[in-house]
Amino acid sequence: MGGSEERVVAVIMVGGPTKGTRFRPLSLNTPKPLFPLAGQPMVNHPISACKKIPNLAQIYLIGLYEERDFALFVSSISNELRVPVRYLKEDKPHGSAGGLYNFRDQIMEESPITNTFDLYTFECFLPILLIEVYSTLQSHIFLLNCDVCCSFPLAEMLVVHRSYGGMGTILVIKVSPESASQFGELVADPVTNELLHYTEKPETFVSDRINCGVYLFTPDIFTAVQDVSSQRKDRATLRRISSFEALQPANRSLPSDFVRLDQDILSPLAGKKQFYVYETTDYWEQIKTPGMSLKCSGLYLAQFRHTSPHLLASGEGMKTAAISGNVYIHPSAKVHPTAKIGPSASISANARIGAGVRLVNCIILDDVEIKALHTSLAPCSMFITFFYILQASGDHNAKLGVTILGESVMVEDEVVVINSIVLPNKTMNVSVQEEIIL
């Protein structure tokens, strides 16, 4: 169904403050989904991709953060993209599928009734209208994870999803066999693309195709989640043989309203002509660590070169700073004309970059001041008076693969900080390498 009756919504899971602990200290003062990559909040990138979906009606963000943490962002992005964005706060963790089901009424709701119907007519025909909404207008639901970095081929997924005719379509990618076990591995029919087998982070190798954390469902997904929840309740009732046995570890089960998309939905329904896959050959990463945020910022900057070149800075070092490669500079940032920026550098609002500064492969956040930076083979000396700076020289996945300077950290002249984490409110007067400064 691709006509005007089609209605598409997008749901983006943003997690909560108790999640993403590997992302600290960057998430100590800023919710991880709002951490800037390529000059935009992390969650902004999937939202912008959703904006391009045909017949998109609404975007929902679901998470455990307080509503006040997202209020300003939701208002701003809704006005900027001219698409309704709404934040829905979970009262407790419900799992990736349970969180979707928990807000099914909001997700399935239709846009406001037009004045073609008066209130009395609407109330009389409400059951009929709801059936129509569920069966026709509310035909497709995208589900994305906020900490996924990719090109988000959502329109292409929608096209193949219609042709498959199943309950859902999963975005997948081929990775090295060595890294596949870190993710959900799957086997699909090479001709029909039907999902035949799915296992989450297996101990032994199953497949080099993995789940990318981007899905497209029909409303039947809610029935599937409800079935899992009902089965859990029935099993819990049967298991109450005695109070002692019910407390034993082997007999404990997840709450009935906590439903995982991978283990509880994809695995049992694989091979039943319910789920299909769409394979991307473009880039894909998970943003679990500060180092990966740096890599993904560079990937998004490279994508801007093709999709949004107006967002990238330019300069030859005469009246403006010399720019090399893909660089983002916020309009309010002050960069000295003698500075050399790039490649893969992102400079946020109100940052001040002094004379002779050289920045490569870094994220400079709001209000950072770099007064002097002397070039060398290693990450260089710098003064930081506000917030964070990241600079990589090693493994993006390693705990100490990048340098992270916390809020209000000052690095004194001729001090070198390499692959280290410095927590807020510290003054660095000695050089360190691969250390954590508490």
Side-chain angles (χ1 to χ4, degrees), residues 26 35-42 44-45 48-49 148-152 281-287 289-366 368-382 384 387-398 401-405 416-419:
L26 299 181
F35 183 82
L37 304 178
Q40 298 178 1
M42 184 185 299
N44 202 101
H45 297 282
S48 297
V148 164
C149 169
C150 68
S151 57
F152 296 105
T281 56
D282 212 337
Y283 67 91
W284 179 88
E285 298 287 351
Q286 260 192 324
I287 314 168
T289 64
M292 287 309 300
S293 72
L294 197 58
K295 180 178 182 179
C296 292
S297 182
L299 290 172
Y300 281 135
L301 287 170
Q303 180 175 290
F304 286 168
R305 179 64 62 185
H306 305 286
T307 62
S308 307
H310 64 281
L311 295 177
L312 298 178
S314 61
E316 298 179 353
M318 299 296 288
K319 295 183 179 180
T320 59
I323 304 297
S324 173
N326 302 314
V327 172
Y328 170 82
I329 301 177
H330 191 276
S332 65
K334 305 296 183 184
V335 182
H336 195 275
T338 62
K340 294 184 178 182
I341 314 297
S344 295
S346 175
I347 302 176
S348 299
N350 301 312
R352 290 163 289 173
I353 312 301
V357 167
R358 179 76 171 102
L359 296 178
V360 177
N361 193 26
C362 60
I363 300 175
I364 310 298
L365 298 196
D366 293 355
V368 166
E369 180 179 7
I370 304 180
K371 295 181 178 179
L373 190 63
H374 310 288
T375 58
S376 69
L377 295 178
C380 313
S381 310
M382 62 197 76
I384 306 296
F387 225 65
Y388 310 101
I389 177 173
L390 279 75
Q391 185 158 358
S393 65
D395 181 4
H396 290 94
N397 282 306
V402 297
T403 294
I404 307 171
L405 303 185
V416 179
V417 181
I418 302 176
N419 293 353

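- Without hydrogens or angle criteria, Ser332 side chain to Asn350 main chain gives a donor-acceptor distance under 3.5 Å.
- A donor-acceptor contact shorter than 3.5 Å is absent between the side chain of Asp366 and the backbone of Ser348.
- The line from CD1 of Ile363 to CG of Leu26 is 8.0 Å long, rounded to the nearest 0.5 Å.
- A donor-acceptor pair is defined here as one N or O able to donate and one able to accept, closer than 3.5 Å; no such pair exists between the side chain of Thr320 and the backbone of Pro337.
- Judged purely by distance below 3.5 Å, without hydrogens or angles, the side chains of Gln40 and Tyr300 never pair a donor atom with an acceptor atom.
- One finds the CG atom of Leu359 at 4.0 Å from the CD1 atom of Ile341 (value rounded to the nearest 0.5 Å).
- Expressed to the nearest 0.5 Å, how far NZ of Lys295 lies from OG of Ser344 amounts to 11.5 Å.
- From Leu299, atom CG reaches atom CE of Met292 across 7.5 Å, with rounding to the nearest 0.5 Å.
- Taking both residues in full, the closest heavy atoms of Ala345 and Leu301 are given as O-CD1, 3.7 Å, listed atom of the first, atom of the second, then distance.
- To the nearest 0.5 Å, atoms SG (Cys296) and CD (Gln303) are separated by 11.5 Å.
- Judged as a side chain to side chain donor-acceptor pair (under 3.5 Å), and not counting sequence neighbours, Ser324 has no contacts.
- Between the CG atom of Leu294 and the CG atom of Asn361 there is a distance of 4.5 Å, given to the nearest 0.5 Å.
- Among all heavy-atom pairs drawn from Phe35 and Ser293, the shortest one is CE2-OG, 3.8 Å.
- Of all heavy-atom pairs between Tyr328 and Leu311, the closest is CD1-O, 3.4 Å.
- Between Ala351 and Leu365 the shortest heavy-atom distance is CB-O, 4.2 Å.
- Closest approach of Ser346 to Ser297, counting heavy atoms only: CB-OG, 4.1 Å.
- The two atoms that bring Ser151 and Asp282 nearest to each other are OG-OD2, 3.1 Å, heavy atoms only.
- Remark: the backbone N or O of Leu37 is paired with a side-chain donor or acceptor of His45 at under 3.5 angstrom.
- Contact annotation: the side chain of Val357 never approaches that of His336 to less than 4.5 Å [non-hydrogen atoms, C-beta and beyond].
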